[in-house]
**Q** 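Got a structure for you, questions after.
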Amino acid sequence: MIRAVALGLVSLVVTLIVASVLVFAAMQVLPGDPAQVMLGVNAQPDTLAALRAELGLDQPAVARYLAWISGFLAGDLGMSHTYGVPVAELVGERLAVSLPLAVLALALSAAVGLPLGMWAAARRGGFVDRAVLFFTQLGIAVPNFWLAMLLVLVFAVTWRWLPPGGFPGWEAGAGAGVRALVLPAVALAVPQGAILAQVMRQSLIDTLHQDFVRTARAKGLTRGEALRRHALRNAIIPVLSVMGLQFPFLLAGTIIVENVFFLPGLGRLILQAVNQRDLIVVQGVVMLLVASVAAVNFAVNIAYALVDPRLRRPA
Amino acid sequence: MNARLAAGAAIVGGVCALALLALLWTPHDPLALNVAGRFAPPSPAHWLGTDQLGRDVLSLIMRGAAGPVGVSLAAVCIGLAVGGTLGVLAAGRGGIGAHAALRASDFLFAFPALLVAILLRETLGPGVLNAMVAIGIFNVPVFTRVAYGASLPVWRSGYVAAARVAGRGGAWIGVMHVLPNIANTLIVQATIQLSLGVLAEASLSYIGLGVQPPQPSWGRMLYEAQTLLAIAPLLAIAPGLAIVVTVLGFNLLGEGLRQALDPRRATPPEPDAETAP
Amino acid sequence: MTLLAVDNLDVDIDGRPILRDVGLRLARGETLGIIGQSGSGKSMTALALMGLLPEGARVSGRIALDGEDLLRLDEAAMCSVRGARIGIVFQEPLSALNPLMTIGDQVAEGIRQHRRPARAQADALARAALARVGLDPAQVSPGRFPHELSGGQRQRVAIAMAVAMEPDVIIADEPTTALDVTTQARILDLLRGIVRDGGPGLLLVSHDLGVIAAMADRIAVMDAGRIVETGPAAGFGPRVRHPRARTLLAAATLRAEALPAPVTARSEHEPPLLAAHAVSRRFALPRAHPFARRTYRHALDDVSLQLHEGESVALIGESGSGKSTLARLLLGLDRPDGGRVTYRGADVASLPTDTRRRMRADVQAVFQDPYTSLDPHKRAGWIVAEPLHLDPDAGGSAREDRVAEALREVGLSPDDAKKYPHAFSGGQRQRIALARALVTRPRLVVLDEAVSSLDVSVQAQILDLLARLRAGHGLAYLFITHDLQVARAVAERVAVMRDGRIVEEGPAAQVLHAPRHPYTQALLAARPDVSAFAV
């Protein structure tokens with residue numbers, strides 16, 4: 001266990017360091033001068049220079065990187081050029097929308113996808129299996145933003161059950177907030193859930209063919225008991241790694257789906273910030289996204305070790 | 001040939017044929033505006049009706065097929081060329097270098113493709129090229145992993161050991177033994193990445209990062225249809241269905257190929273008894 | 001009285017006939033050995049008795065346990081028979097155990113399933129069962145996971161699971177095939193003891209006549225889904241009438257008497273063709289955490305071995321002894337960490353290109369698994385011709401002639417050159433691998449477990465072919481094997497390896513008949529005697 005955690009931590013730290021350098025370097029390559037964008041094309045050269053000095057843009061790159069990263073570690077992501085507020089505050093506001101959305105979507109996809117996959121594997125070749133295969137094929141092929149539009153068309157425009165977009169803010173009450181997130185979460189969850197169901201089904205079918213399942217049956221366990229007590233835990237291991245890989249997809253997906261539903265989340269923030277050359281915001285948000293992906297990978301590795309004694313206690 | 005392979009091949013073949021045909025001929029000029037005839041319902045003249053500017057939707061969809069198909073194809077080529085080579089080499093050489101290559105390619109996974117595309121637009125300017133590169137970059141770690149995993153047992157196999165004993169070098173073994181034996185796996189993965197590429201291209205062009213106007217693209221058609229959802233739902237449904245059908249086609253093709261190329265389905269060998277003198 | 005009576009058992013899977021008219025009798029305290037080659041239906045018989053045939057199987061006939069026909073029981077009733085009244089031990093000790101569950105829990109699970117005792121009581125019974133198979137809970141904790149045990153210990157766990165419920169019948173399906181000889185002997189002792197004290201009937205399924213000979217009271221021979229011969233073990237060989245059964249027994253017993261080809265004359269002054277001088281090779285073990293010190297497993301430790309022109313040497317060792325690592329070093333597939341490998345006296349690490357090519361042509365190899373040693377995407381002719389670039393005389397049209405010649409030499413037809421490997425059987429594939437090794441007209445062929453995955457009768461044919469080729473060309477062989485019978489049949493000189501060292505080396509007659517080192521003695525003692533089964 002110590003070994004798994006230690007290896008995971010080392011790789012997490014290395015990933016974060018390399019990623020921060022890459023993100024910072026990418027920002028330097030971006031054409032366009034933030035000071036110029038803020039002041040407009042008619043700005044006087046001396047005001048421009050003054051603003052650049054104020055923003056710290058006249059410092060060498062290494063110094064700016066160190067300043068940025070040490071601030072980042074202290075929770076200070078700098079000041080947004082365009083919004084005039086601390087980036088941390090801005091991100092915090094947006095995260096209050098994006099994070100519940102991602103969690104809701106992940107929970108929905110797992111809650112529906114995993115049982116469907118298990119059910120199909122247990123009834124392999126039967127009607128349930130074929131139905132699950134058909135619908136997961138379809139679910140994987142549907143772009144989430146199109147699904148989002150169809151959901152709006154049906155549930156918001158035609159039936160008027162749920163709001164078509166926008167976010168009332170959590171001040172308006174948890175119920176109103178969750179209502180605004182239901183459709184986007186479903187749109188994000190359907191393709192991911194379909195993938196999870198397929199991976200779960202295949203992994204469980206493969207595991208059911210393993211010798212130790214036959215051994216369990218030879219001890220007198222019924223088919224269902226052997227599946228529940230022996231196959232399932234073994235089958236979940238590849239599913240975990242797929243869930244880890246899905247997380248970046250989910251984040252990318254939120255950027256677009258937030259646009260469809262006019263949600264004030266991180267995705268919209270990053271699109272606006274790029275357009276306005278608000279580099280300090282872009283840098284902060286991208287770094288945050290990459291860090292969350294790395295953290296999820298770390299968590300997945302720990303989960304592996306918890307499930308699998310071969311990683312916990314190598315012989 | 002199994003049913004999935006047949007269905008997948010038919011759909012993919014159909015979409016590609018339409019995309020090629022649309023370069024030469026479409027029912028109407030997809031770029032011709034006709035404001036008087038906008039929002040026309042489906043009719044014999046306009047099978048799928050017209051859009052908010054009076055353009056023929058069917059012609060737009062036909063012309064729009066080139067973007068997703070072309071971009072995802074190019075992205076798969078990038079992934080195969082870089083990731084495939086990296087994976088095969090890493091498996092063959094082993095050691096620190098292989099470890100570093102795998103870690104580096106895994107590292108790319110941490111960057112959502114969309115962010116890469118957004119940043120690329122800022123450096124390269126808008127256009128098809130950055131969509132290809134952004135999706136291609138994302139394909140690299142996938143093919144590295146797949147090529148590594150598939151070629152590792154080949155590099156460790158008895159026939160590679162025999163080729164070394166036969167005095168053959170790494171390049172000969174890589175080309176003559178490893179590539180033919182992992183080709184099936186790579187082909188299957190390529191079709192899966194093609195379907196993901198179509199989806200990704202649609203997302204990118206939805207936020208304006210792919211094919212640029214006035215050239216039609218499925219993603220942007222959806223973007224434009226979004227505000228008109230209440231008055232013209234067909235404008236949102238038709239391009240979406242085009243995406244679903246194309247992605248489904250590539251997925252079916254991939255699964256069909258996986259089944260057809262599965263080495264476990266090879267003909268069983270003769271029993272040994274027949275070799276008895 | 002008869003404990004288990006099987007009559008007219010027929011099994012079809014997806015319409016293909018698998019078993020035909022199988023009949024067996026097993027009494028309490030008796031061991032029935034079922035022997036047959038792979039694919040003869042012996043494992044399917046075991047699965048049919050357990051009611052665990054794969055999907056799509058159709059069964060008819062009668063399987064009576066204490067007079068009750070198991071084929072008439074519904075699934076729920078069959079679940080209460082499995083484990084409680086019939087226990088089974090499968091071949092692969094690693095894959096047969098759940099990697100995520102402790103061994104104690106896996107043994108206790110069957111007890112809980114049938115007797116529904118309190119948890120503590122089930123655990124106590126499981127500990128007792130583990131102790132009975134030689135896994136004292138004080139030494140091998142029941143809280144261990146399968147990957148923390150050795151192969152023999154894992155098989156003991158599998159046996160504990162099978163015997164924990166005191167079943168009437170124990171089926172052991174190739175229980176020792178995946179194990180080394182010394183471990184095999186201990187596992188067989190354990191099974192013998194269980195049959196003696198508990199009085200269950202043991203149905204022992206094996207392809208290995210040695211195992212059957214060591215254990216069985218009665219023997220049944222299976223071939224093509226039928227039992228072709230059955231009778232008491234005492235005096236079984238001479239009574240056998242069925243031709244396929246006779247071939248099988250003849251191949252398994254006669255091989256020990258085959259004599260090595262005459263020694264070719266050689267000069268003592270010439271340097272050895274190929275030699276290892278005090279080589280060592282170590283592999284890094286995974287570290288406990290990233291800052292821990294690296295630890296190593298020493299696969300080879302100061303090993304020297306000389307191979308002379310025309311000589312046939314056997315390198316004997318169990319799995320993990322380092323014998324394959326030594327072979328890889330000698331073949332130049334890997335480099336030693338210490339010491340050196342020489343070809344005709346010159347260090348192979350610094351051979352000039354032309355000498356290196358000559359060494360490649362002179363030293364060829366055949367590897368163990370005939371299913372992975374031929375590239376499935378290449379035709380047999382291409383495979384055989386692959387080393388020919390080493391031979392300047394084999395360009396152009398000579399190429400095809402050389403391939404045809406090599407194929408004929410190993411007993412195949414030149415027309416076979418056009419076929420792909422999947423069209424050949426295991427034995428034929430090994431002939432193709434041998435043709436590839438012979439095509440450069442080498443002086444030495446390294447045979448790394450080259451016959452160990454083949455059925456006995458095919459093994460005998462390949463060994464026979466090797467002896468003829470040696471007599472014809474004066475070839476030198478290095479046999480790397482875990483099988484003493486193979487070593488006895490082919491080698492003039494024998495080296496025994498254990499834990500990365502050569503513990504004994506000398507003329508075959510001396511090492512194999514009057515061994516000095518205790519490990520060699522143990523190896524020899526562990527090998528069951530099959531001479532009583534000669535037909």
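Within every chain, numbering begins at 1; the chains are lettered A, B, ... in the order of the sequence lines, protein sequences first and strands thereafter.
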**Q** Would you mind checking which part of Gln106(C) comes under 4.5 Å of any heavy atom in chain A, side chain (CB onward), backbone (N, CA, C, O), both or neither?
**A**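 Both backbone and side chain.
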
**Q** State, to 0.1 Å, how close Leu221(A) and Cys79(C) come at their nearest heavy-atom pair, and which atoms those are.
**A**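 Residues Leu221(A) and Cys79(C), closest heavy atoms: O-SG, 3.9 Å.
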
**Q** Please classify the contact between Ser95(C) and chain A as side chain, backbone, both or neither, with a heavy-atom cut-off of under 4.5 Å.
**A**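 Contact with chain A: backbone and side chain both.
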
**Q** Kindly give the heavy-atom pair with the smallest separation between Met161(C) and Lys219(A), and that separation in Å.
**A** SD-NZ, 3.5 Å

**Q** Is any side-chain N of the basic residue among Glu92(C) and Arg214(A) closer than 4.0 Å to the acidic one's carboxylate O?
**A**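 Salt bridge: no.
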
**Q** Below 4.5 Å, heavy-atom pairs only: which of His114(C), Glu55(C), Gln91(C) has the largest tally toward chain A?
**A**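 Heavy-atom pair counts peak at His114(C).
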
**Q** Give a yes or no on this: more than 12 heavy atoms of other residues, nucleotides or ligands lie within 6.0 Å of atom CD of Glu75(C).
**A**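 Correct, the count exceeds 12.
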
**Q** Heavy-atom cut-off 4.5 Å, strictly under: side chain, backbone, both or neither for Leu47(C) against chain A?
**A** side chain

**Q** More than 12 heavy atoms of other residues, nucleotides or ligands under 6.0 Å from CZ of Phe135(A): is that the case?
**A**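 Check fails, neighbour count at 12 or below.
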
**Q** Testing the basics here: between Leu100(C) and Pro309(A), what is the closest heavy-atom pair and its distance to 0.1 Å?
**A**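 Scanning both residues completely, I find the closest heavy atoms to be CD2-CD, 3.4 Å.
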
**Q** Return the minimal non-hydrogen interatomic distance between Gln113(C) and Gly220(A), and the atom names on each side.
**A** NE2-O, 3.5 Å

**Q** Chain C heavy atoms under 4.5 Å from Val5(A): which part of the residue, side chain, backbone, both or neither?
**A**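 Neither the backbone nor the side chain of Val5(A) comes within 4.5 Å of chain C.
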
**Q** I need the minimum non-hydrogen distance between Asn98(C) and Phe212(A), along with the two atoms involved.
**A** N-CB, 3.5 Å

**Q** Using a 4.5 Å heavy-atom cutoff, which residues in residues 227-234 of chain A come close to chain C?
**A**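 Against chain C, the residues of residues 227-234 of chain A that fall inside the cut-off (heavy atoms, under 4.5 Å) are Arg229(A), His230(A), Arg233(A), Asn234(A).
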
**Q** Quick check against the 3.5 Å criterion: does Thr215(A) have a side-chain atom that pairs as donor or acceptor with the backbone of Leu97(C)?
**A**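 The answer is no, because no donor-acceptor pair under 3.5 Å joins these two groups.
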
**Q** Can you see which heavy atom on Ala218(A) is nearest to which on Ile88(C), and at what distance?
**A**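 Shortest heavy-atom separation between Ala218(A) and Ile88(C) comes out as CB-CG2, 3.4 Å.
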
